Amino acid sequence: MEHMIYIQNAAEVITMKNHTDRPARKEAMDELNIIKNGSVLIADGKIVAVGLDEDLQETYLDQINEATVIDARNKIVTPGLIDPHTHIVHAGTRENEYAMRLQGKSYMEIMNAGGGIHATTRATQSASFEQLYEETKVRMDTFLKNGVTTIEAKSGYGLTTEHEMKQLEVAKKLDEDHPLDLISTFMGAHAVPMDYKDDPETFVDLVMEEMIPEIAKRNLATFNDVFCERGVFTPAQSKRILQAGKEYGLIPKIHADEIEPYGGAEIAAEVGAISADHLLKASDEGIQAMAEQDVMGVLLPGTAFFLMAEFANARKMIDSGVPVALSTDFNPGSSPTISLQFIMNLGCLQMGMTPAEVLTATTINAAHAIGVADTIGSLEVGKNADVTIFNVPNHLVLSYQYGMNHVDTVIKSGRVVVENGLLYG
Ligand code: NIG
Ligand code: FE
């Protein structure tokens with residue numbers, strides 16, 4: 001065996017076990033399966049043992065003697081955090097729009113006037129592959145330093161076949177080159193380009209007949225996402241685009257009921273989406289349908305915070321049996337943050353979730369939201385050794401002391417990638 005690591009004597013090892021087959025829901029979201037004075041043995045990129053330090057010392061003494069030991073006293077150990085909804089591959093920033101919104105302009109007004117997603121689309125279309133790669137890589141480093149070991153990444157700032165592919169090719173190359181794992185979603189239906197403003201159906205056809213087949217043929221994405229919102233894509237158009245993706249093996253996701261109630265949650269249940277995201281304005285019927293069809297609700301409280309909007313009703317969703325995950329929605333317009341730790345704090349203070357529920361929502365349930373719970377999301381024997389060590393004495397402090405980065409160490413696939421809060425090597 002090589003590359004053995006022994007994380008020793010953590011105040012809390014938060015295992016999140018027993019939810020690999022099905023996401024945690026209802027009361028189970030509040031159960032972390034904590035081992036106090038816990039240790040984790042890692043070898044060859046996998047988790048070999050998790051348990052009480054004294055038990056592991058007895059059974060694995062030879063391996064422990066050969067391993068690199070990380071002292072985790074007074075710290076907590078969690079599965080590497082997972083962010084299941086980001087728009088990380090893009091060029092530039094939009095602080096000018098932030099200033100406009102502070103003066104009273106709304107997000108949709110700015111977008112309809114050719115700013116918003118259109119502004120980032122222009123910047124992304126003009127950017128070379130190398131420029132996009134470099135900008136995105138810096139952001140991935142920041143995710144890693146903040147304890148996140150896997151993210152989902154959407155296209156949707158290309159809006160032509162050529163530029164959508166460029167975005168997804170950048171994501172693919174970065175997934176290969178960077179320790180952070182990146183799982184791609186095609187989102188050609190992120191906005192109706194200004195050129196198609198008077199003829200959105202032609203753009204919908206382009207997405208369905210040209211983009212989806214090409215992206216699928218090149219194996220550039222796992223998921224297919226649509227911005228279903230008044231003034232963007234209608235419920236009927238969204239449904240057609242998601243069904244078209246399914247025919248090419250792309251699993252549906254949907255930006256649903258973000259600004260207005262628009263039937264997005266219902267569509268998610270109808271097309272068998274793996275998740276419906278945002279849901280600030282989701283209807284009771286939509287929530288019920290999601291619970292019945294096992295659709296993950298991916299909630300993005302950073303977006304509600306930044307758009308100064310009402311938060312999603314996480315409590316109602318969890319209590320109705322919808323499995324819930326949390327994400328940053330990292331993007332330059334509606335949520336320019338990469339801090340999942342801050343998102344956890346918002347989950348508690350603004351959406352009534354418990355500190356345990358927000359951890360479930362950023363580990364095992366987040367893994368389910370992007371279809372990777374068989375390999376990550378919990379600290380269980382045989383899973384990939386993606387582990388974050390936080391410099392807090394218990395899991396409550398993680399979301400209590402907010403607006404700061406508590407990360408001490410990050411291990412990705414069995415290798416230390418962040419040490420003392422800094423990128424390793
Ligand atoms: O999830 N709602 C649509 N898409 C993003 C925002 C993208 C942008 O403003 O650049 C979101 O909020
Ligand atoms: Fe989004």
Side-chain angles (χ1 to χ4, degrees), residues 83-98 100-101 105-125 127 132 135-136 139 151-159 163-164 167 183-194 223-233 238 241 252-260 262 264 268 273-282 296-312 325-338 340 343 346 366 369-370:
D83 192 330
H85 179 141
T86 85
H87 304 256
I88 191 173
V89 185
H90 63 265
T93 52
R94 306 214 303 263
E95 60 276 25
N96 57 326
E97 295 179 7
Y98 163 64
M100 285 159 77
R101 286 197 304 103
K105 280 255 180 305
S106 79
Y107 177 80
M108 283 314 247
E109 270 168 2
I110 294 168
M111 174 164 165
N112 291 333
I117 294 171
H118 302 297
T120 301
T121 298
R122 285 190 293 276
T124 304
Q125 286 184 345
L132 265 185
E135 277 196 47
T136 306
R139 299 176 191 133
I151 65 170
E152 180 258 20
K154 300 176 196 296
S155 68
Y157 294 123
L159 303 188
H163 292 290
E164 283 292 304
Q167 256 192 295
I183 295 169
S184 283
T185 296
F186 166 66
M187 198 175 179
H190 194 197
V192 179
M194 294 306 271
F223 303 103
N224 178 29
D225 197 342
V226 180
F227 188 9
C228 178
E229 194 72 45
R230 190 179 303 283
V232 194
F233 295 95
S238 303
I241 292 166
K253 280 183 170 278
I254 181 166
H255 280 59
D257 308 310
E258 177 181 353
I259 317 274
E260 283 184 35
Y262 204 41
I274 191 166
S275 74
D277 303 31
H278 284 292
L279 303 170
L280 276 63
K281 301 285 161 75
M296 181 73 67
V298 176
L299 306 184
L300 312 160
T303 311
F305 173 76
F306 196 69
L307 295 184
M308 299 176 280
E310 220 176 287
F311 287 76
L326 287 174
S327 156
T328 59
D329 191 21
F330 171 62
N331 74 73
S334 69
S335 190
T337 182
I338 50 81
L340 259 188
I343 298 302
L346 289 176
I370 51 174

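Just so we're clear, the structure is a prediction, and the values are computed from it rather than from any experiment. Read the numbers this way: they start at 1 and go in the same order the structure lists the ligands and their atoms.
With a heavy-atom cut-off of 4.0 Å, His90 does not touch ligand 1 at all. Neither the backbone nor the side chain of Glu229 has any atom closer than 4.0 Å to an atom of ligand 1 (non-hydrogen atoms only). Only the side chain of His278 comes within contact range of ligand 1, with a heavy atom under 4.0 Å; no backbone atom does.
Residues Asp329 and Thr303 have side chains that bring a donor and an acceptor to within less than 3.5 angstrom of each other.
The ligand atoms of ligand 1 that sit less than 4.0 angstrom from a heavy atom of Asp329 are 1 (O), 11 (C), 12 (O). The distance from ligand 1 to the heavy atoms of Asn331 drops below 4.0 Å at these ligand atoms: 5 (C), 6 (C), 7 (C), 8 (C), 9 (O), 10 (O), 11 (C), 12 (O). Near Glu258, the atoms of ligand 1 lying under 4.0 angstrom from a non-hydrogen atom of the residue are 2 (N), 3 (C), 12 (O). The Ile117 neighbourhood of ligand 1 comprises atoms 7 (C), 8 (C), 9 (O), 10 (O), with distances under 4.0 Å to a heavy atom of that residue. Close contacts of ligand 1 with Ser334, meaning ligand atoms under 4.0 Å from a residue heavy atom, involve 6 (C), 9 (O), 11 (C), 12 (O). Atoms of ligand 1 found under 4.0 Å from any heavy atom of His87, numbered from 1 in the order shown, are 1 (O), 4 (N), 5 (C), 11 (C). Atoms of ligand 1 found under 4.0 Å from any heavy atom of Tyr107 (numbered from 1 in listed order, with element): 6 (C), 7 (C), 8 (C), 9 (O). Atoms of ligand 1 lying under 4.0 Å from any heavy atom of His85, numbered from 1 in the order shown and given with element: 1 (O).
Minimum interatomic distance between Ser327 and Leu340 (heavy atoms only, all atoms of both residues): CA-CD2, 3.9 Å.
Glu135 contributes a side-chain N or O that, together with a main-chain N or O of Gly92, makes up a donor-acceptor pair within less than 3.5 Å. Side-chain atoms of Asp257 come within 3.5 Å of backbone N or O of Tyr262 as a donor-acceptor pair.
For atom 3 (C) of ligand 1, the closest non-hydrogen atom of the protein is Phe227 CE2, 3.4 Å. Of the protein's non-hydrogen atoms, the one nearest atom 4 (N) of ligand 1 is His190 NE2, 2.8 Å.
Note that the CZ atom of Phe306 and the CE atom of Met308 stand 8.0 Å from one another [nearest 0.5 Å]. Summarising the geometry, atom CD belonging to Glu152 is positioned 10.5 Å from atom CD1 belonging to Ile88; distances are rounded to the nearest 0.5 Å. Summarising the geometry, atom NE2 belonging to His190 is positioned 5.0 Å from atom NE2 belonging to His255; distances are rounded to the nearest 0.5 Å.
Vertex the Fe ion (ligand 2), arms ending at NE2 of His85 and OD1 of Asp329: the angle is 80° after rounding to 10 degrees.
Any N or O atom pair closer than 3.5 Å counts here, and Tyr157 shares at least one such pair with ligand 1.
For the pair Arg139/His90, a side-chain contact is recorded, criterion being any heavy-atom separation below 4.5 Å from C-beta on. Under the 4.5 Å side-chain criterion, counting only non-hydrogen atoms from C-beta, Lys154 is not in contact with Phe223.
A tilted orientation is assigned to the rings of Tyr157 and His87, their planes being inclined by 30° to 60°.
For His255, the N/O/S atom at the shortest distance from the Fe ion (ligand 2) is named NE2.
Among the atoms of His87, an N, O or S atom falls under 2.8 Å of the Fe ion (ligand 2). Within the 2.8 Å limit, Asp277 places no N, O or S atom next to the Fe ion (ligand 2).
Annotation: Phe305, atom CZ; neighbour count of heavy atoms from other residues, nucleotides and ligands within 6.0 Å does not exceed 12.
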